[in-house]
Each structure stands twice: as structure tokens, then as C-alpha cells.
Number of protein chains: 2
Amino acid sequence: MTDSTKPRARGADKRRRLTAAAAEVIHRQGVERTTIADIAKTADVPVGNVYYYFKTKDDLIQAALSEHEGALSELTAELDRLPDPLGRLKALVGVWVDQRDLAARFGCPTGTLAVELDKRADGGLDQEAARVIRLLLDWAERQFRALGLADPGDLALTLVAGYQGMSLMANALRDPGIMTREGARLTRWLDTLTADVS
Amino acid sequence: MTDSTKPRARGADKRRRLTAAAAEVIHRQGVERTTIADIAKTADVPVGNVYYYFKTKDDLIQAALSEHEGALSELTAELDRLPDPLGRLKALVGVWVDQRDLAARFGCPTGTLAVELDKRADGGLDQEAARVIRLLLDWAERQFRALGLADPGDLALTLVAGYQGMSLMANALRDPGIMTREGARLTRWLDTLTADVS
DNA sequence: GTCTATATCGAGATAGAC
DNA sequence: GTCTATCTCGATATAGAC
């Protein structure tokens, strides 16, 4: 059989391109203001062809969420290579600060998506966003527990809420410096938590 | 002249009713999923008549923001009656915790609105949301400054970001308990800030 | 000032040729 | 599997009677 890969877009990675495009465009424009045409254009796929891969717009939103979930998995897998849990947590904060410009412009991808999806009456997808946030929460909790700290769940909540808060403020005020300032505060906080453990 | 007040809706408080309805419905459903008809229905005003008071949907969003701004002004005016700044700040956190059920269901009215408006390409309204958030930021900064603390602006940012973070998390995870837990943490934080000042 | 009927337009989704 | 043309519907906004 001849492998009839089209020259314009070799192979059938169209689904992946559409998924990546959905994640990116929805992050920038929000769910409601993003049209299928916007995503198709970014993915360089004809509009009508999108429906071969995704039956509905909601399927594309779901795909965008999966993309964010994947990115989060990669990130935590990377961080897990670091020897100690405190270093992992501080590195996480460092990653957030490094992405300050994106956060100041468009907010946290998952957080802003959760806000939008929670406004929907038709349930389902909003809980998907919550699930992704919970993955981060659970990972952070494991680190705090490994450090032998009391109430690791509360600490994880404080950390992730801190991230969501600083992302929202940086986004609303369009000021990346907020990520830097609040990131530094979170780092100091992590240090004080473990100051008497060493 | 006879004061021809209609029996169904006495006087011309329709504008106010529409403004209140816009604030409430937009908080619940979000900007994009709220239709003029939704607002008109809630305000008990015929759809077509809305345009006599508000030329565009954006004007209604602006009105909703003004409503939130008014509520914030009333709240801070109320808090300003308390004798000391620390008491005011702790009372503010108390108000946030008291509204935990609303926050868990629909998030912070201004915060979620800011998230949605920031996704728009056509500017203008997003900065209006930012302005309202800044009012709270400035009020908090004045309290921290009155307490004689260093970097009052940073402290105000931490407080408001804390509120936005816990509101978003409570909303995404649909858990009012998050408001209680994080509210308690903010209160403890306020106490430690001023522990060596007394 | 109030309200109904409707113009207009954009977006999601589908039919069906290739 | 791919893509164009089109159906359909819902929402903003307007025209114009009362």
C-alpha cells in the first residue's frame, strides 16, 4: 500500500493539531468567544473537516482541557525528578513566575476555563475543569505530606489558591509584576513552613 | 399635571431594576451566556423596552459593574465606621466568609466578570472591571498603611489576591468550606502581621 | 415612554460531492 | 477521509405602532 500522506499536512495528526489549537485559542479568547472557525484556522484545517474529528464544540473544549491536563502531568513528572519535596514546590512557583507574561495577558488556562464553564447551566464540563485543578491540588498535597507537615491538604489549597489569585489579579490588572511579587511571597512562605524542620 | 405612575411598575425605576437584574444575572450566568431577554425577564421589563434605557448590551454590562462598585462603596463605608484598621480588615474577611455559599456557586462577582471581559479583543470594559478591583486594593492599602506596616501595597495585593484565589477555588470545586478555611488563614495572617505592633 | 414584530447577522452543525 | 455549501437557530438591535 502506498502511504498517501498529503503534502500540505502530512499524516493524520490533524486531531492533535486541532486539540493544541483549541487549548491555545480558548485560553486567549475564552470558550464563548471562540468559534470553531477560529480553532480550524489556527490548526490550519478546513472548517467543515473539524466535525470529522470532533462532533461538537463541547468535544473541542474537552480536548482543550485534556491538553492542559497533559501539560500538568508533564510538569509534575519533571518536578518529581527533583530530590526533595520542598525543592519541587519552590520549582513549581518558579515555573509560575516564569510564565508571568502569559498569565498577565490571559490568566491561568485551567482557572479561567473553570470560571467560564462554571457559568454554564448544562453541567458536565465544569467538573472536568475542577478535576484538572484537583490533580494539581493532590500533587501539592503529596509534597507537603512528604515534608511531614500537618494538614497537607490545607497547605496545598493555600498554595493553589495563591496561584489562582495571583494569576487572576495579574490578568485583571495586566501586570506581570504581580506574579513576581506574589511568587516571591509564596516562596518565603514555603521556607517558613519548613524552617524548623531542617 | 397628573403623575401618571403605571400600576404594574410604579414610576421610572425601571432603569434601576434593569441595573440590579443585570448585575445578578450576569453574576450567575456570565456575560456571554446572558441575553438581554434574560435580564429583561428578571427585571420584569418587556424586552424591546430595554433599549430605551440601555442602547447596547455593553451598556448593561457597564451598569452591572457600577452596581458592584456601589456595593463595594457601601461595604467599605460601613467598615470605615469601625475604630481600628485591623478590625476593618478582619471584618472584611468575615464578610467574605459569610458570603461563602454565593461565592462557591458563582464566584466573586467582579473577579469572574474581570476574567470574562479580559478575554475580549475589543477593549474598554475589561479596564472597568480592573478599576473596581483597584478600588478594593486601594482601600485595603490605606488600612495597612494606617497600621504603620511596611509595603502596604504588597499586603493589600496579598489580601485581595487571597480573596480572588479562594473564591475561584471554592467556585471551581463547588465547596463553601474553602472560603471558611482560607478565610481563617487570612485572619491568622492579619493577626501575625500586627502581633509585634501592640 | 412603552411595547411588538421583525430585520439582520453570526455561529454551530449537517448534507453530500469528491 | 476531505472539504464546500448550506441549513437552522438564537441573539442583538431596530422600526414603528400605540
Side-chain angles (χ1 to χ4, degrees), chain A residues 1-19 21-23 25-26 28-65 113 116-117 119-122 124-125, chain B residues 1-19 21-22 25-26 28-65 116-117 119-122 124-125:
Chain A
M1 310 278 180
T2 60
D3 182 41
S4 64
T5 53
K6 288 283 174 61
R8 190 209 290 206
R10 65 176 182 284
D13 57 344
K14 285 193 180 179
R15 184 171 235 282
R16 224 170 322 170
R17 290 216 315 277
L18 282 167
T19 302
V25 179
I26 288 176
R28 288 205 313 258
Q29 305 187 346
V31 187
E32 305 295 345
R33 294 183 77 92
T34 295
T35 68
I36 307 274
D38 289 335
I39 296 172
K41 196 176 177 183
T42 302
D44 195 33
V45 168
V47 215
N49 198 4
V50 172
Y51 287 93
Y52 177 77
Y53 296 97
F54 299 95
K55 262 184 263 297
T56 65
K57 185 180 177 181
D58 276 13
D59 286 348
L60 271 165
I61 300 169
Q62 170 74 57
L65 271 166
L113 199 41
E116 267 196 290
L117 295 176
K119 298 298 186 191
R120 297 181 147 202
D122 56 325
L125 275 179
Chain B
M1 311 276 182
T2 60
D3 182 42
S4 66
T5 53
K6 287 284 174 61
R8 191 210 290 208
R10 64 177 181 284
D13 57 343
K14 284 192 178 177
R15 184 171 233 281
R16 223 171 323 171
R17 290 218 314 280
L18 283 167
T19 302
V25 179
I26 288 176
R28 288 205 314 259
Q29 304 187 347
V31 188
E32 305 295 343
R33 295 182 77 92
T34 294
T35 68
I36 307 273
D38 290 334
I39 296 172
K41 197 175 177 183
T42 303
D44 195 33
V45 167
V47 216
N49 198 5
V50 172
Y51 288 92
Y52 177 76
Y53 297 96
F54 299 94
K55 263 184 263 297
T56 65
K57 186 181 177 181
D58 276 13
D59 286 348
L60 271 165
I61 300 170
Q62 169 75 54
L65 271 166
E116 268 196 290
L117 295 178
K119 297 298 186 192
R120 298 180 146 202
D122 56 326
L125 275 178

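Source: prediction; values computed, not measured.
In the set C/dG1, D/dT2, C/dT4, C/dT4 carries the atom at the smallest distance from any side-chain atom of B/Pro46.
Judged as a salt bridge (Lys or Arg N to Asp or Glu O under 4.0 Å), and not counting sequence neighbours, the contacts of A/Arg33 are B/Glu32, B/Asp122. Take A/Ala64 and apply the side chain to side chain contact (heavy atoms under 4.5 Å, CB included) test, not counting sequence neighbours, and it matches A/Ala22, A/Ala23, A/Ile26.
Per the geometry, CG belonging to A/Asp13 stands 10 Å off P belonging to D/dT2, to the nearest Å. Rounding to whole angstrom units, CG of residue A/Asp38 and P of C/dG10 are separated by 13 Å. Distance OH (A/Tyr52) to P (C/dA17): 19 Å, rounded to an integer number of Å. In this structure, B/Phe54 places its CZ atom 18 Å from C1' of D/dT14, rounding to the nearest Å. As rounded to whole Å, 16 Å separates atom C1' of C/dT2 from atom CZ of B/Arg15. Rounded to a whole Å, the CG atom of B/Asn49 is 11 Å from the P atom of C/dG1.
Between B/Arg120 and B/Asp58 a salt bridge is recorded (basic side-chain N to carboxylate O distance below 4.0 Å).
Because its NZ or CZ atom is both nearer than 6.0 Å to the ring centre of B/Phe54 and within 45° of the ring axis, B/Arg15 counts as a cation-pi partner of that residue.
Between B/Lys119 atom NZ and A/Thr34 atom OG1 the span is 9.0 Å, to the nearest 0.5 Å. Expressed to the nearest 0.5 Å, how far CG of A/Leu18 lies from CG of A/Asp13 amounts to 9.5 Å.
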* Asked: Once each nucleotide of nucleotides 11-16 of chain C is scored for protein heavy atoms under 4.0 Å, what B/S/- sequence comes out, 5' to 3'?
  -> SSBB--
